[in-house]
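Working notes for the structure below.
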Amino acid sequence: MPCFSLPFPAQLAAELAWRRCLLPQNRVKVTLDADTAHLQLVLSQDNSSVRWESEWQQVPVTPERFHYWCCVLGCEEFREGRHCWVVEVEGEWLKYLWWAVGVARASVKRKGWIDTSPEEGIWAVQYSNGELVSLTSPPTPLSLSPVPTRIWVCLDCTQQQASFINSDNGVEIFTFTAASFNAESIRPWFLLWSQGIQLCLRDSTL
């Protein structure tokens, strides 16, 4: 049945039910790649969470490590199929927080200034200064209240899409369509530039 023939509430309910069925089936375990973490990011022992510290960590500076932007990649690389994982923002929500979650090309720039946009090979949503935006070019404000703290990141390599879904209610936050993956591997991507919170990878269902 064409979706436009359904009344809006029924259409929405059907879509949420589809997501509840689909997301867990495509769930993957994601871990953080310590070799890419900026020197102010501290990973948990099991590489499942990351926090920001003002003191720089005494670790080797390598070509793989982010230098200017406080970013870290996931270890996993995806080239085909659908893959979903949950990220939770945990800690004290202060006014001036800065975090982002999404995906990036494996070749994403690691040194110097990064334009956090699809043109740079990054597809993500970001929270800063009390506002949630999608990192389009220019960024697109997202009017969501309250701001989601548990987010499904959903990567569809076949359709070249990256979607973000509120894990608490199944509502779509934003979807990047026709993403230019350029036949590259795609990796989970995280940014954190605030103290008092951490980004945690969760084994969770909708």
Side-chain angles (χ1 to χ4, degrees), residues 3 12 15-16 19 22-23 26 30 36 38 50 52 66-74 76-89 93 95-194 197 199 201:
C3 62
L12 179 60
E15 183 177 354
L16 295 183
R19 288 177 183 159
L22 177 66
L23 294 179
N26 292 281
V30 168
T36 67
H38 184 275
V50 57
W52 181 91
F66 286 95
H67 174 258
Y68 180 82
W69 288 83
C70 289
C71 301
V72 60
L73 295 175
E76 294 70 22
E77 298 190 22
F78 307 108
R79 280 184 173 271
E80 57 185 19
R82 293 171 173 167
H83 313 277
C84 305
W85 55 93
V86 175
V87 183
E88 181 173 7
V89 185
W93 277 70
K95 182 177 181 180
Y96 298 106
L97 294 181
W98 187 2
W99 56 263
V101 298
V103 298
R105 294 193 196 113
S107 64
V108 66
K109 184 178 176 182
R110 314 292 173 88
K111 309 301 182 186
W113 178 267
I114 300 174
D115 177 13
T116 52
S117 71
E119 287 73 19
E120 192 76 48
I122 295 172
W123 297 266
V125 294
Q126 173 182 282
Y127 180 86
S128 62
N129 297 326
E131 183 180 35
L132 187 69
V133 301
S134 63
L135 292 179
T136 50
S137 184
T140 302
L142 303 173
S143 300
L144 296 175
S145 182
V147 173
T149 59
R150 291 168 60 90
I151 297 173
W152 277 101
V153 182
C154 302
L155 172 66
D156 189 330
C157 296
T158 304
Q159 298 296 324
Q160 298 201 72
Q161 293 185 356
S163 298
F164 302 87
I165 296 171
N166 187 335
S167 178
D168 292 328
N169 56 21
V171 173
E172 180 183 13
I173 299 170
F174 190 82
T175 293
F176 291 88
T177 59
S180 299
F181 295 160
N182 294 347
E184 282 193 45
S185 295
I186 303 298
R187 300 177 65 174
W189 176 87
F190 310 84
L191 177 148
L192 181 58
W193 224 318
S194 300
I197 63 169
L199 301 179
L201 291 157

Can you tell if the side chain of [X] reaches within under 4.5 Å of the side chain of [Y], non-hydrogen atoms only?
X	Y	value
C71	H38	no
F66	I114	yes
R105	I186	yes
F176	S134	yes
P148	L132	yes

Atom pairs and distances, side-chain donor-acceptor, residues 157-165, under 3.5 Å, sequence neighbours left out:
unit_1, atom_1, unit_2, atom_2, d
Q160, OE1, F181, N, 3.1
S163, OG, T175, OG1, 2.9

Self-check item: Where C154 and C84 come nearest, the two heavy atoms and their spacing
Solution: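 Looking at all heavy atoms of both residues, the shortest contact is SG-SG, 3.5 Å.
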Quiz item: Looking only at heavy atoms, what is the nearest atom pair of H67 and G112, with distance?
Solution: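 In terms of heavy atoms, the two residues are closest at ND1-N, 4.3 Å.
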Are the side chain of [X] and the backbone N or O of [Y] linked by a donor-acceptor pair below 3.5 Å?
X	Y	answer
S137	S117	no
R187	G74	yes
R110	V108	yes

Rounded to the nearest 0.5 Å, what separates atom [atom1] in [X] from atom [atom2] in [Y]?
X	Y	atom1	atom2	value
F174	I151	CZ	CD1	13.5 Å
Y68	K109	OH	NZ	11.5 Å
I173	W152	CD1	CH2	12.5 Å
L199	W52	CG	CH2	13.5 Å
L201	W85	CG	CH2	9.0 Å

Practice problem: Begin from the C-alpha positions of S107 and E184 and carry the test side chain to side chain donor-acceptor pair (under 3.5 Å) through to its verdict. | Solution: CA-CA 8 Å; S107 64; E184 282 193 45; 2.7 Å; yes
Exercise. Name the orientation class of the two ring planes belonging to W98 and W193 (parallel below 30°, tilted from 30 to 60°, perpendicular beyond 60°).
Key: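 The arrangement is parallel - the two ring planes meet at less than 30°.
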Self-check item: Audit row: V30, V87, side-chain contact (heavy atoms from CB on, under 4.5 Å) steps and yes/no
Solution: CA-CA 10 Å; V30 168; V87 183; over 6 Å; no
Quiz item: Got a sec: does the CD of E119 have more than 12 other heavy atoms crowding it under 6.0 Å?
Solution: yes
Quiz prompt | Candidate pair W123 and W189, rule ring-ring contact (aromatic ring centres under 6.0 Å, His included), full reasoning | solution = CA-CA 9 Å; W123 297 266; W189 176 87; over 10 Å; no
